[in-house]
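Read the structure below first, then the notes.
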Amino acid sequence: MKIYNTLTKTKEEFIPLEPGKVKMYVCGPTVYNLIHIGNARPMIVFDTVRRYMEYKGLEVNYVSNFTDVDDKIINKAIEEGVSSSEISERYIKECLKDMEGMNVKPATKHPLATEEIDGMLDMIQDLIDKGFAYDANGTVYFRTKKFEEYGKLSKKNLEDLQAGHREIKVVGEESKEDPMDFVLWKPKKDGEPSWSSKWSDGRPGWHIECSVMAKKYLGEEIDIHAGGEDLVFPHHENEIAQSEACNGEKFAKYWMHNAFLNIDNKKMSKSLGNFFTVRDISEKYDLQVLRFFMLSAHYRSPLNFSADLMESSKNGLDRIVTAMESLKEYKAKNIEKELSQEEKKNLEALKSLEEKFEKSMEDDFNTADAISAVFEMVKLSNTTVNDSSSSLYVDEFSKKLVTFLDILGIKAYRETEIIDEDIEKLIEERQEARKSKNFSRADEIRDTLLEKGIVLEDTREGVKWKKM
RNA sequence: GGCGACAUGGCCAAGUGGUAAGGCACGGGUCUGCAACACCCUCAUCCCCGGUUCAAAUCCGGGUGUCGCCUCCA
């Protein structure tokens with residue numbers, strides 16, 4: 001299994017620190033609003049990484065935090081006149097709901113920043129003791145220059161950063177020893193949530209959270225640390241500085257970063273008005289479609305989002321699900337007999353598609369390629385499985401497809417919904433009408449059902465229906 | 001100003017030295033009362049210029065273009 005490591009900028013063979021086990025930390029969202037589709041990309045991508053590893057028999061300890069103390073949360077709370085915790089609790093709940101829709105497995109542990117303050121105080125103190133941090137009137141800063149390897153992840157050096165055009169110094173931070181130093185602890189302002197510490201009543205900086213939570217739930221050295229590419233600098237760079245300075249050990253062995261999701265080739269932003277929440281999408285599509293769409297490109301390539309592309313993904317996914325549904329029907333026929341010569345030959349072909357799937361996933365989780373293998377399996381199934389196929393043959397296809405779709409986190413069946421009696425009656429009436437060649441009545445009924453979002457298909461096995 | 005990524009058919013997207021996967025859409029056909037579904041067929045020489053090589057979309061150099069990071073951000 002190969003993973004592209006941002007740290008070395010190469011694909012490396014994945015070797016877990018402890019054989020058979022994976023310690024993985026994925027930076028989670030700040031919960032100040034419904035998550036947007038950009039947040040959804042790392043969730044889907046790294047959930048797929050986890051699923052594949054589990055399929056390969058690895059035990060994955062998957063930790064993903066919720067940042068529940070932050071300026072944005074505080075602002076939102078002020079705006080609504082409620083407490084910060086009310087905001088964060090609300091959006092954590094909503095986020096979990098969206099994750100379920102996208103079929104993202106809950107992490108082994110979802111730590112909350114506000115519940116880990118003690119650990120942060122300890123780490124900050126430790127950094128001060130070791131000379132990597134200093135207290136300046138209640139604000140504690142990390143002494144960036146002291147950590148010699150600073151910049152090793154983002155391939156930046158302090159000179160370049162300071163020589164840059166941008167003004168790094170921010171008003172009110174004159175007490176810093178160096179403009180590149182970053183905050184570990186800051187004093188509270190009026191009305192902000194705070195915790196007492198020996199430096200000031202205040203709250204932690206953003207970066208320290210992840211260092212602490214990763215350490216507590218996974219250990220000082222972890223296998224994989226993942227997140228969006230925008231987190232490389234400064235967030236992950238700072239995490240490395242904190243953790244390695246404090247622990248004296250290498251922090252994460254592999255750093256994985258997903259590329260951004262764009263809207264019409266532009267970065268999604270509220271000001272451009274091209275901002276979609278996962279909830280928005282769920283109103284129009286099953287979130288499985290969103291998941292399928294996200295996996296249709298490699299996670300390290302920028303992905304463009306548009307209504308047309310969602311339609312296209314919906315159609316593609318539909319084809320897969322339709323094939324699964326018909327396999328289910330053939331399976332029900334349960335024809336007990338030996339595999340025919342031809343079936344054996346086709347199963348060989350299936351086997352090589354299985355290999356193609358795995359080979360793609362082994363190569364830095366190339367889901368786009370893996371999906372192409374799934375489509376080829378679908379084609380093979382559609383063209384060779386029929387009424388007289390042996391159940392052994394049908395089972396093999398169905399088992400394999402379910403397995404691979406599960407790795408991708410795609411549910412391989414259509415939600416069966418209870419059809420109400422009126423509709424059933426209409427379908428029967430239409431069948432009668434067709435029999436007596438009263439096609440205009442038949443079409444009328446079909447149109448009526450279509451208006452209700454029900455599509456009819458006349459197959460040799462009888463009438464099938466599905467929701468749009 | 002510094003650092004970096006990308007450029008493949010109408011759209012999306014794999015492929016990174018051996019002669020272009022897959023999906024969607026379009027068109028033609030089989031099936032069907034019609035439609036839908038399913039199936040079959042058709043559809044590209046890989047941004048431009050130069051170089052290396054028996055051989056390049058794939059490596060090197062130079063252009064052009066798009067995007068990202070350097071600031072809260074998935």
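As a basis for the values below, the full set of heavy atoms in this structure was taken, side chains included, without hydrogen atoms, waters or symmetry mates. The chains referred to below are lettered A, B, ... by the order of the sequence lines, with proteins before strands, and numbering in each begins at 1.
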Below 4.0 angstrom from OP1 or OP2 of B:C69, is there any side-chain N or O of A:K267? yes
Both A:S372 and A:V378 contact RNA chain B. Which one's nearest nucleotide lies toward the 5' end? A:S372
Nearest-Å distance for atom pair CD1/P, residues A:I371 and B:C24: 12 Å
With a cut-off of less than 4.0 Å, is there a side-chain N or O of A:S301 near OP1 or OP2 of B:A14? yes
Can the positive tip of A:R300 be found less than 6.0 Å from the middle of the six-membered ring of A:Y4, inside 45° of the ring normal? yes
Listing time: all N or O pairs from protein to nucleotides 41-45 of chain B that are below 3.5 Å?
none

Ignoring hydrogens and angles, answer whether the base of B:G33 and the side-chain atoms of A:D443 contain a donor-acceptor pair closer than 3.5 Å. yes
B:G1 pairs with which nucleotide, Watson-Crick or G-U wobble, both distances below 3.5 Å? B:C70
Shortest side-chain distance from A:D369, nucleotide among B:A21, B:G23, B:A74: B:A21
By nearest atom, which of the nucleotides B:G15, B:C69, B:A21 is closest to the A:N366 side chain? B:G15
Taking the six-membered ring for Trp, are A:Y52 and A:Y55 parallel (under 30°), tilted (30 to 60°) or perpendicular (over 60°)? tilted
Which listed nucleotide (B:G33, B:A14, B:A21) is nearest to the side chain of A:A297? B:A14
Side-chain N or O of A:R319 versus OP1/OP2 of B:C37: is the shortest distance under 4.0 Å? no
Considering only the C1' atoms, how many Å lie between B:A20 and B:A57, rounded to the nearest integer? 8 Å
Upstream residue (5' side of RNA chain B) when A:F260 and A:R434 are each assigned their closest nucleotide: A:R434
Under 3.5 Å donor-acceptor pair, A:R446 side-chain atoms to B:A35 base atoms: yes
Going by ring centres under 5.5 Å and near-parallel planes (under 30°), is A:F375 stacked on B:G22? no
Can you tell me, in whole Å, how much space there is between the C1' of B:G18 and that of B:U32? 47 Å
Would you tell me if any nitrogen or oxygen in the side chain of A:N315 comes within less than 4.0 Å of OP1 or OP2 on B:A25? yes
Looking at A:N382, I'd like to know whether one of its side-chain N or O atoms comes within less than 4.0 Å of OP1 or OP2 on B:C39. yes
Strictly below 4.0 Å: does A:R300 bring a side-chain N or O up to OP1 or OP2 of B:A5? no
Watson-Crick or G-U wobble mate for B:C46, both contacts under 3.5 Å: none
On a whole-Å scale, what distance lies between the C1' atoms belonging to B:C40 and B:C46? 28 Å
